[in-house]
Amino acid sequence: MISSFVTLLILCCAYQEIVSTELTFELPDNAKQCFYEEIKANNTGSLEFQVITGGQYDVDVVLKDPKGEILYQKQKLQFDTVSIEAKTTGVHEVCFSNEFSTFSHKIIYLDLKNGEEEDPLPGLGEHITALTQMETSTVDMHKFLNVIIDIQTRHRLREAHGRKQAEQLNEKVQLWALFETVIIIVIAGSQTIMLKSFFSDKRILSVSDKRLLGGH
């Protein structure tokens with residue numbers, strides 16, 4: 001029991017070695033939004049982003065180091081994964097720009113990882129003997145959890161993307177149905193007016209016509 005608790009504690013500590021910022025935010029039209037992360041020198045990280053909804057599903061991205069030098073710059077991308085290698089310690093800046101769009105809001109998924117993930121059980125490489133069953137199970141559990149996290153993230157992004165497309169399609173169908181309804185009402189009203197005009201046309205009778213009709 002104590003061995004299981006110690007193993008779980010080591011696993012939790014290993015997870016704390018890597019800092020990850022994962023969020024979904026809205027980027028209005030003609031807007032720019034930046035995020036900041038402090039990364040130590042000779043440390044590595046990664047930046048992953050994806051435009052979930054809005055316009056052509058594209059955005060401008062710029063990544064700068066603490067000195068203001070551009071490490072990564074792309075225009076009108078839908079998604080990408082970038083590896084970050086910090087040369088100096090300091091705050092790195094990543095900016096997303098939607099300034100080229102005049103009316104389309106964007107919803108963007110961002111995953112910014114700072115540092116490399118350590119081994120689930122530090123010091124395993126120093127073992128002369130084979131791994132115990134508990135240690136092997138812990139390493140396998142660590143790998144499976146990472147796979148599950150990645151699958152769940154992709155599933156959430158795919159679900160959000162599909163839901164937004166369905167909502168946009170539903171709005172277009174409703175607008176088209178409303179347009180058809182208005183056209184039908186206009187056509188029905190115009191036909192009614194035309195038919196009424198056929199029966200309400202009064203002709204001015206002359207004197208001879210009145211005599212023929214028996215008028216005095």
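From a predicted model like this one, the values you see are computed outputs, not experimental measurements.
In terms of hydrophobic clustering, with Ile, Leu, Val, Met, Phe, Trp and Tyr side chains grouped at heavy-atom distances under 4.5 Å, Phe96 and Leu23 are assigned to a common cluster. Hydrophobic clustering (side-chain heavy atoms under 4.5 Å, transitive across Ile, Leu, Val, Met, Phe, Trp, Tyr) groups Val94 together with Val82. At a threshold of 4.5 Å between side-chain heavy atoms, the hydrophobic network of Ile, Leu, Val, Met, Phe, Trp and Tyr places Trp176 and Ile187 in one connected group. Following chains of ILVMFWY side-chain contacts shorter than 4.5 Å, one can reach Leu77 starting from Phe35, so the two form part of one hydrophobic cluster. Phe49 and Leu63 end up in the same hydrophobic cluster when Ile, Leu, Val, Met, Phe, Trp and Tyr side chains are linked at under 4.5 Å.
Side-chain N or O atoms of Asp29 include none that pairs as donor or acceptor with a backbone N or O of His105 at under 3.5 Å. Side chain of Lys106 to main chain of Gly55: no donor-acceptor pair is present (N/O by atom type, distance under 3.5 Å, no hydrogens or angles). A donor-acceptor contact shorter than 3.5 Å is absent between the side chain of Asn43 and the backbone of Ala86. In this structure a side-chain-to-backbone donor-acceptor pair under 3.5 Å is missing from Asn98 to Ala31.
Sequence neighbours left out, not one pair with a member in residues 58-83 passes ring-ring contact (aromatic ring centres under 6.0 Å, His included).
Atoms OG1 and CD1, on Thr53 and Ile107 in that order, are 3.5 Å from each other to the nearest 0.5 Å. Separation of atoms CG (Asn42) and OG1 (Thr44) is listed at 10.0 Å; rounding is to 0.5 Å. From Asn30, atom CG reaches atom OG of Ser97 across 9.0 Å, with rounding to the nearest 0.5 Å. For the atom pair CG (Asn170) and NZ (Lys172), the distance works out to 12.0 Å, reported to the nearest 0.5 Å. Note that CD1 of Ile148 and NE2 of His155 are 13.5 Å apart. Values are rounded to the nearest 0.5 Å. Here Glu37 contributes atom CD and Leu112 contributes atom CG; the two are 5.0 Å apart, rounded to the nearest 0.5 Å.
A 6.0 Å sphere centred on CD of Gln75 holds no more than 12 heavy atoms belonging to other residues, nucleotides or ligands. Summarising the local packing, CD of Gln56 is surrounded by 12 or fewer heavy atoms from other residues, nucleotides or ligands at distances under 6.0 Å. Applying the 6.0 Å contact sphere to CD of Glu159 captures more than 12 heavy atoms from other residues, nucleotides or ligands.
Proximity of Leu27 to Val51: side-chain heavy atoms (C-beta onward) are nowhere separated by under 4.5 Å. Between Leu110 and Leu47 the shortest side-chain heavy-atom distance falls below 4.5 Å. Under the 4.5 Å side-chain criterion, counting only non-hydrogen atoms from C-beta, Val61 is not in contact with Asp80.
With sequence neighbours left out, the salt bridge (charged side-chain N to carboxylate O under 4.0 Å, His left out) criterion links Glu48 to no other residue.
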**Report entry** Derivation and outcome, side chain to side chain contact (heavy atoms under 4.5 Å, CB included), residues Lys113 and Asp111
**Finding:** CA-CA 6 Å; Lys113 294 180 180 179; Asp111 184 11; 3.4 Å; yes
Query raised in the report: Would Ile108 and Val59 count as a side chain to side chain contact (heavy atoms under 4.5 Å, CB included) if you check the C-alpha gap in whole Å, the side-chain angles of each, and the deciding distance to 0.1 Å?
Result: CA-CA 9 Å; Ile108 302 173; Val59 68; 3.8 Å; yes
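For the pair Val62 and Gln73, the tightest heavy-atom approach, listed with the atom from each and the gap, is CG2-CG, 3.8 Å. Here the closest heavy-atom approach between residue Tyr57 and residue Gln78 is recorded as O-CG, 2.7 Å.
In this structure, a donor-acceptor pair under 3.5 Å is absent between the side chains of His92 and Asp65.
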